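In what follows, chains are A, B, ... by sequence order, proteins preceding strands, each numbered from 1. Values below: every heavy atom of this structure, side chains too, minus hydrogens, waters and symmetry copies. Note that the coordinates shown come from a computational prediction; the quantities given were computed from them, not determined experimentally.
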Number of protein chains: 4
Amino acid sequence: MAPEMRFFSDNAAAACPEALAALSEANRLDTAYDGDEWSQRLNSAFSALFERDVEAFWVSTGTAANSLALAALCPPHGSIVCHREAHIQNDECGAPEFYTGGAKLLIGEGEGAKLTPATVEALLATIRPDVHQVQPAVLSITNASEYGCVYTPAETEALGDLAKKRGLRFHLDGARFANAVASLGCTPADLSWRAGVDALSFGFTKNGALAAEALILFDPALGAATHYRRKRGGHLLSKGRYLAAQILAMLEGDVWLRNARAANDSATRLASAAGAERLLFPVEANEVFVRVSVEEAAALRTRGFDFYDWGPGEARFVTSWDSDPAEVDALAAAIRAL
Amino acid sequence: MAPEMRFFSDNAAAACPEALAALSEANRLDTAYDGDEWSQRLNSAFSALFERDVEAFWVSTGTAANSLALAALCPPHGSIVCHREAHIQNDECGAPEFYTGGAKLLIGEGEGAKLTPATVEALLATIRPDVHQVQPAVLSITNASEYGCVYTPAETEALGDLAKKRGLRFHLDGARFANAVASLGCTPADLSWRAGVDALSFGFTKNGALAAEALILFDPALGAATHYRRKRGGHLLSKGRYLAAQILAMLEGDVWLRNARAANDSATRLASAAGAERLLFPVEANEVFVRVSVEEAAALRTRGFDFYDWGPGEARFVTSWDSDPAEVDALAAAIRAL
Amino acid sequence: MAPEMRFFSDNAAAACPEALAALSEANRLDTAYDGDEWSQRLNSAFSALFERDVEAFWVSTGTAANSLALAALCPPHGSIVCHREAHIQNDECGAPEFYTGGAKLLIGEGEGAKLTPATVEALLATIRPDVHQVQPAVLSITNASEYGCVYTPAETEALGDLAKKRGLRFHLDGARFANAVASLGCTPADLSWRAGVDALSFGFTKNGALAAEALILFDPALGAATHYRRKRGGHLLSKGRYLAAQILAMLEGDVWLRNARAANDSATRLASAAGAERLLFPVEANEVFVRVSVEEAAALRTRGFDFYDWGPGEARFVTSWDSDPAEVDALAAAIRAL
Amino acid sequence: MAPEMRFFSDNAAAACPEALAALSEANRLDTAYDGDEWSQRLNSAFSALFERDVEAFWVSTGTAANSLALAALCPPHGSIVCHREAHIQNDECGAPEFYTGGAKLLIGEGEGAKLTPATVEALLATIRPDVHQVQPAVLSITNASEYGCVYTPAETEALGDLAKKRGLRFHLDGARFANAVASLGCTPADLSWRAGVDALSFGFTKNGALAAEALILFDPALGAATHYRRKRGGHLLSKGRYLAAQILAMLEGDVWLRNARAANDSATRLASAAGAERLLFPVEANEVFVRVSVEEAAALRTRGFDFYDWGPGEARFVTSWDSDPAEVDALAAAIRAL
């Protein structure tokens, strides 16, 4: 019997009505390869959102957005500082290494899958500044993090300042950037370029698109080569208007924020039910990591809840923009009752 | 004023109703990354179509399909024999070089953008079999070719035999494979593995999908690494079911053939109107290359026809699955009247 | 004032007379690129030494030997298990990533810069066997290790067995392989292919050559592609006979063993002087890591001894084939007197 | 019976006494990796030779020098304009593609393996300035060319001007740069940076070194990354002093010019003997391409002359710094007698 109530991940949810409707609206002949009216509007739509000129690229996957960003920022003989739990380290099968031409990832630790200036400094101190070692070139963080924690604008800026001081470029994996912005109530600008971010992978897929991610470059010098890299990676779609249209539809009327808030709210309800004792990390976005015994996990599954076993005695529940309130309430009750 | 009647390319057309409807049907939570019910059906659907076991991968672009195929077939120190007009040489910004890790393309000539055993042999003869030269490893052809010509099963098999004899793997860029099959009235098997093809990029985007291509591997040994390469290239979508569903919808009821026939028929009407004298190549698929003077080209544009200037005195008209019969008739009449 | 007595590294020592003499002997016109009489004798000379057929390649650097070996063993989407202190991780500026096309290094810990089956198993257990993670493909160890410790034949074989069981290829970085063999009194075969090693970087430069390393392949299937990779990496010298001749001269009469024994003996004398208390690691080859205070280190330098500060309160002394006995005695006395 | 008089190539000749002697002089402990006294003098020695500040790197092969130069000048998504007979296209097994991360070579034609502004312009005109095609980034020429012809300073400058105008960087493969300088009687500066060259592979191996090539960068911005690339390619030798010392020994007293003149003179004698009718190309360096029938070639071989069959009815004779005057005279007489 297939589980009926799924809290496995937000990466397999249905698309929101606005995204789907956008496909129908875009379903007419237009110019290929960025030449269509939707793609042509991307830069200005994102520039408005970020309160400054930006260059935006649509791609199909977060892996592509991250890899193209890192390739723009890191030479083949450089390294990318990131957390051990970072998606780019753990879940992209070496895409950053592939796109950069063989850069290394320099792995740090930290609570909640977050880096701090101190942990980054400690990592940098392990590298001799000589030609025998790959030299750090990029700092990459994920917001919201892989453990559902957020970096505040101040935390981001502290890392941005460190990056600048140490000559590193700054990448933000924002597969759940919307969740972070919604959680913090700040502006997208505060959480990105104002804090020193050079390139942002802005995720829409986990937040209600069919498959659409935006790579946002805040440094105009990075754009020219990225056009070629995207094409060369096979990520320039002839009918890219279907991606651009999804993104635009989610920007209009702040659908992206509405969706992220809904997902966050569901997670908050689960967190309240679990109680601080059971939570592995503070719940600041749409992921809830809960301590459960093997028996408790089994009991939850028996009741029809599907989720990921994170480690021994740990379960991960992910909510999404369309999490059914009744299912969330049912899961909250079941967790409370453990 | 934007042109009203566009014969620029088939790569920007609208999607067919079946493909669009498939998205709505697939718009519900399912397992991510090939785990969904649509992706799970791909292999068997294509195996049925090809009358043997195959392994199929959905990707978003033809460039991705071609590059993953070539990376599976060619070592970094190998070369890929292809025509000077091949898409992999001319239109993918070095994606084959990127995905293979720096292989070379060995460029041949030939009428209609087609290679023959003789031209391939001549090319191979230019390479010394020593360690100082990149050694030919793959033969890649495009069917229908970039000039809208088709390789018959016999022609394909002759090249497949040569490839086998010379130790080359055989790749088929089938961005317009449907048009070739429709034109020849043969089976997909006859035009691929029965003729010695190891890997096929089977295009759906130009033929009515929003953005969906299938990489078909006929050699089971190639599959395992390709899964990693696809992920690593950023081409494994979490919600890949939206791609798989489009493809399945176009396989069911032979929508792919219906669409291709429609495009071919439109091209044939244009070819008849142009007459043999004006045609640069025989029209065997959905592309029509016509000799026109500068004045004639301008006159056609004044009447609202949009198309590509191929070279001095040459125009390219491409029809698609949804070419409007009235527009085709209008263009045919206009060409006839030149 | 430049230091007069240098124990900095064995990688900058003079060449031994046999190596230098070999250059003069080889200084006459012969065929280029492996075709000369010295290069032609390499395979059989190493086959005799290893008591089985092997394929040998001369290159100029250990980085080249290691990288070519790893490229032969690891796909771009694989990872290489190695120690945190491994030269391939720490001192080759990403050459393994470059030559493999972007593989990852999977970093383990362990006393004396040595891996054990347990630490390797623990590392492997961190990798999910799915397409989202780079999968382990190679186990690489260094013998003698970066801390001057040796793997015995039994230890090597235990790792070789594990590698085989887990589907990993087995690489041995033998920049100081001679020192390990000399220390253990075993045969080269016992410490390599009999223990499961697939590819060995056999160092001669640190052991008395001007610049010559041998890449030894024990798996005949690896040879063909390696010829192309070597050329493509710029490591096939036209006058490679000068490298081959050095290596042959050092194999003849077991010069390589004589040199390694001399270096090891000097290190043993230093170790005795230091005493077990001061030693960071057992001294099993030609490197001596000693606990010294800042003042003690300064005092040694004042007396004219040059060495590497390894970490706070740690000094590294490396002996070489030509360490001056008087200088070794002087250093031993100085250490004893601390 | 092995041929006794070899005119096969200059890449397998003996080393000149100065180079060999330099090895003995450098045969004492010094600092590793560019830290030694010889390596430290390279930049100033070449700066003096070129009458301006340059940055110089020693490497073991011309392939390495060329590839590092091209990697410094060309992005992975760029292309390198070169002649069909260029060593980088024909004889380096894809090393440029490997080191650049997958750039393409854009192949031109021209008499004597030389490019002209007109042929380069014609090539550039074949490339559409769009994201679908790899864009030209570098112009690379070989002087003396693969057919033993030279580019004059004026010819070089014309190409340099074109490169600048078209936004291309300019690379000079100088495997036989010494022969070109000797032939033209100009300064090294006139034939390189004064004519717009950004990076020069300055060959010593073919001109009397054991194995030593210098990569000369005229643009200071290219140096930093090249240090990492050289290390990463495995081309930073720990005892690089043996390479640096050879080069310095050949710069001192203009040994490099003396050697090149000797080789050129021998070739000139052969050319005179052959007569203009038989020569495929003007003999301007140390290579002589001669029209010979199959019977004539056999006759020459019977007399003990070894050479390369270039094509049907064509033979290549290469002289070197140490060509035996008696053998040259014998060959000249034999050719004259044909």
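- Contacts of B:L210 with chain A are made by both backbone and side-chain atoms, with heavy-atom separations under 4.5 Å.
- Relative to the six-membered ring of B:F307, B:R301 meets both conditions, a distance below 6.0 Å and an angle of at most 45° to the axis.
- Residues of residues 223-236 of chain A lying under 4.5 angstrom from chain B, judged on non-hydrogen atoms, are A:Y228, A:K231, A:R232, A:G233, A:G234, A:H235, A:L236 by number.
- Neither the backbone nor the side chain of A:A26 comes within less than 4.5 Å of any heavy atom in chain B.
- With B:S145 contributing its side chain and B:T142 its backbone, the two residues share no donor-acceptor pair below 3.5 Å.
- Contacts between A:A211 and chain B at a heavy-atom distance below 4.5 Å involve the side chain alone, from C-beta outward.
- Between A:Y147 and A:W310, the angle of the ring planes goes over 60°, which puts this pair in the perpendicular group of the 30/60° scheme.
- Considering only heavy-atom pairs separated by less than 4.5 Å from chain A, the leading option among B:T61, B:T63, B:L23 is B:T61.
- Without hydrogens or angle criteria, B:N207 side chain to B:A260 main chain gives a donor-acceptor distance under 3.5 Å.
- Between the B:D10 side chain and the B:V318 main chain, no donor and acceptor come within less than 3.5 Å of each other.
- In this structure, A:A285 and A:A267 approach most closely via the heavy-atom pair O-CB, 3.3 Å.
- Among the residues in residues 31-40 of chain A, those with a non-hydrogen atom closer than 4.5 angstrom to a non-hydrogen atom of chain B are A:T31, A:A32, A:Y33.
- Ranked by non-hydrogen atom pairs under 4.5 Å with chain A, the options B:K206, B:E97, B:R241 are led by B:R241.
- In this structure a side-chain-to-backbone donor-acceptor pair under 3.5 Å is missing from A:Q89 to A:E85.
- Taking B:A12, B:A15, B:A64 one by one and counting their heavy-atom pairs under 4.5 Å with chain A, the maximum is reached by B:A12.
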For this session: Go through the steps to decide whether B:C82 and B:I107 satisfy the test side chain to side chain contact (heavy atoms under 4.5 Å, CB included), and finish with yes or no.
Result: CA-CA 5 Å; B:C82 68; B:I107 306 305; 3.8 Å; yes

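- Note: B:F202 and B:W256 have perpendicular aromatic rings, judged against thresholds of 30 and 60 degrees for the angle between ring planes.
- Contact of A:L237 with chain B is made through backbone and side chain together, with heavy-atom distances under 4.5 Å.
- Heavy atoms of B:D91 lying under 4.5 Å from chain A belong exclusively to its backbone.
- Per-residue heavy-atom pair counts under 4.5 Å with chain A were compared for B:A65, B:S67, B:S60, and the maximum is reached by B:S60.
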